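Computation of the quantities below employed the complete heavy-atom set of this structure, encompassing side-chain atoms and omitting hydrogens, waters and symmetry-equivalent molecules. Please read all numbers here as calculations on a predicted model, not as lab measurements.
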Amino acid sequence: MMDFGCADRAGRRVVLRDVDDENWRAVADTAPLDDQRDYVPALAARYLLLSAREGVWNSLAACADHTVVGHVMWGRDEDDGSYWIGGMLIDGPEQGKGVGRAVARTLMAWLAAREDCRVLRLSYHPDNTVARELYASLGFRPTETDEGDEVVAEVSADTVRATSV
């Protein structure tokens, strides 16, 4: 369990847990709001399959108190050693409560604490203003590269460590 003391605006403790036999169904059923389906899949089940089948991503259950409220995954780029955050999907009814921010901050702190972590990266569609604003507020800055039709943004692990929870 990853717990860095983050909470949502309702005061619920937000932690990240491995996806396991107890929570995988709740994670798989996590769904975004309808207007977000241009940016994320209709269900987090797609992310779980990516983690299981591709061997690059590691899925985590996002929990507020003891309830699954979303999904996020992380991976490491073997070519340059960067750590990536991907597949963050907060269940529609849980959005707007600070859960996404707490999930991102928790994963950022956990990854930045790794001895070999120098930079964190993620990508988002340029039209996804909610994601862009969230990630910018967490210190991510766009790079000169892209990932398909998505903007790649990064923050140094040193910056994360200095501002972590």
Report yes if the side chains of Y39 and Y124 come closer than 4.5 Å at any heavy-atom pair, otherwise no. no
If we check side-chain contact (heavy atoms from CB on, under 4.5 Å) with Y47, which of these qualifies: V19, V27, V40? V40
Please list, chain by chain and in numerical order, all residues satisfying side-chain hydrogen bond (donor to acceptor under 3.5 Å, both in side chains) with D18, sequence neighbours excluded. none
List the residues meeting side-chain hydrogen bond (donor to acceptor under 3.5 Å, both in side chains) with R13, not counting sequence neighbours, and say none if there are none. D3
Tell me every residue that passes side-chain hydrogen bond (donor to acceptor under 3.5 Å, both in side chains) with R161, counting only those two or more places apart in sequence or in another chain. D158
List in chain and number order the residues that pass salt bridge (charged side-chain N to carboxylate O under 4.0 Å, His left out) with D116, two or more places apart in sequence or in another chain; answer none if no residue qualifies. R76
Parallel, tilted or perpendicular: which one describes the rings of Y135 and F140, with boundaries at 30° and 60°? perpendicular
Could you grab the distance from atom CG of L122 to atom CE of M108, nearest 0.5 Å is fine? 8.0 Å
Under 3.5 Å, which donor-acceptor pairs link side chains of residues 85-103 to any protein atom two or more places apart or in another chain?
from: D91; atom 1: OD1; to: A31; atom 2: N; distance (Å): 2.9
from: E94; atom 1: OE1; to: R12; atom 2: NH1; distance (Å): 3.2
from: E94; atom 1: OE1; to: R12; atom 2: NH2; distance (Å): 2.6
from: Q95; atom 1: OE1; to: Q36; atom 2: NE2; distance (Å): 2.7
from: Q95; atom 1: NE2; to: Q36; atom 2: OE1; distance (Å): 2.9
from: Q95; atom 1: NE2; to: I90; atom 2: O; distance (Å): 2.7
from: K97; atom 1: NZ; to: P93; atom 2: O; distance (Å): 3.3
from: R101; atom 1: NH1; to: S137; atom 2: OG; distance (Å): 3.0
from: R101; atom 1: NH2; to: S137; atom 2: OG; distance (Å): 2.8

Residues two or more places apart in sequence or in another chain: which of them pass side chain to side chain contact (heavy atoms under 4.5 Å, CB included) with A26? V68
Apart from M1 itself, what residues make up its hydrophobic cluster, given side-chain heavy atom links below 4.5 Å? V15
Looking only at side-chain N and O atoms, does S123 offer a donor or acceptor that is under 3.5 Å from a partner on E147? no
Of all heavy-atom pairs between T145 and T143, which one has the smallest distance, and what is that distance? OG1-OG1, 3.0 Å
Suppose the criterion is salt bridge (Lys or Arg N to Asp or Glu O under 4.0 Å): which pairs have a residue in residues 23-40, not counting sequence neighbours? D34-R37
Shortest non-hydrogen separation from P126 to V151 and the atoms involved: CB-CG2, 4.0 Å
Sequence neighbours excluded, the answer for side-chain hydrogen bond (donor to acceptor under 3.5 Å, both in side chains) partners of D80 is S82, R121
Would a single hydrophobic cluster contain both F4 and Y83, if residues Ile, Leu, Val, Met, Phe, Trp and Tyr are joined by side-chain heavy-atom contacts under 4.5 Å? yes
Pairs flagged by salt bridge (Lys or Arg N to Asp or Glu O under 4.0 Å) wherever residues 51-70 is involved - sequence neighbours left out: none
The reported gap from CG in L111 to CE in M2 (rounded to nearest 0.5 angstrom) is 7.0 Å
Atom of V152, atom of W84 and distance for their closest heavy-atom approach: CG1-CH2, 3.7 Å
Only distances under 3.5 Å count here; give the side-chain donor-acceptor pairs of residues 57-64 to other protein atoms, sequence neighbours excluded, each with its distance to 0.1 Å.
from: N58; atom 1: ND2; to: W74; atom 2: O; distance (Å): 3.1
from: S59; atom 1: OG; to: S51; atom 2: OG; distance (Å): 2.6
from: S59; atom 1: OG; to: H71; atom 2: NE2; distance (Å): 2.8

On a heavy-atom basis, which atom in D149 and which in H125 lie closest, and how many Å separate them? OD2-CD2, 3.6 Å
Connected via hydrophobic side-chain network under 4.5 Å: L134 and V14: yes
V155 and L138, any side-chain heavy atoms less than 4.5 Å apart: no
My understanding is that a hydrophobic cluster links ILVMFWY residues whose side chain heavy atoms are under 4.5 Å apart, including indirect links. Using that, what else belongs to the cluster containing V130? none
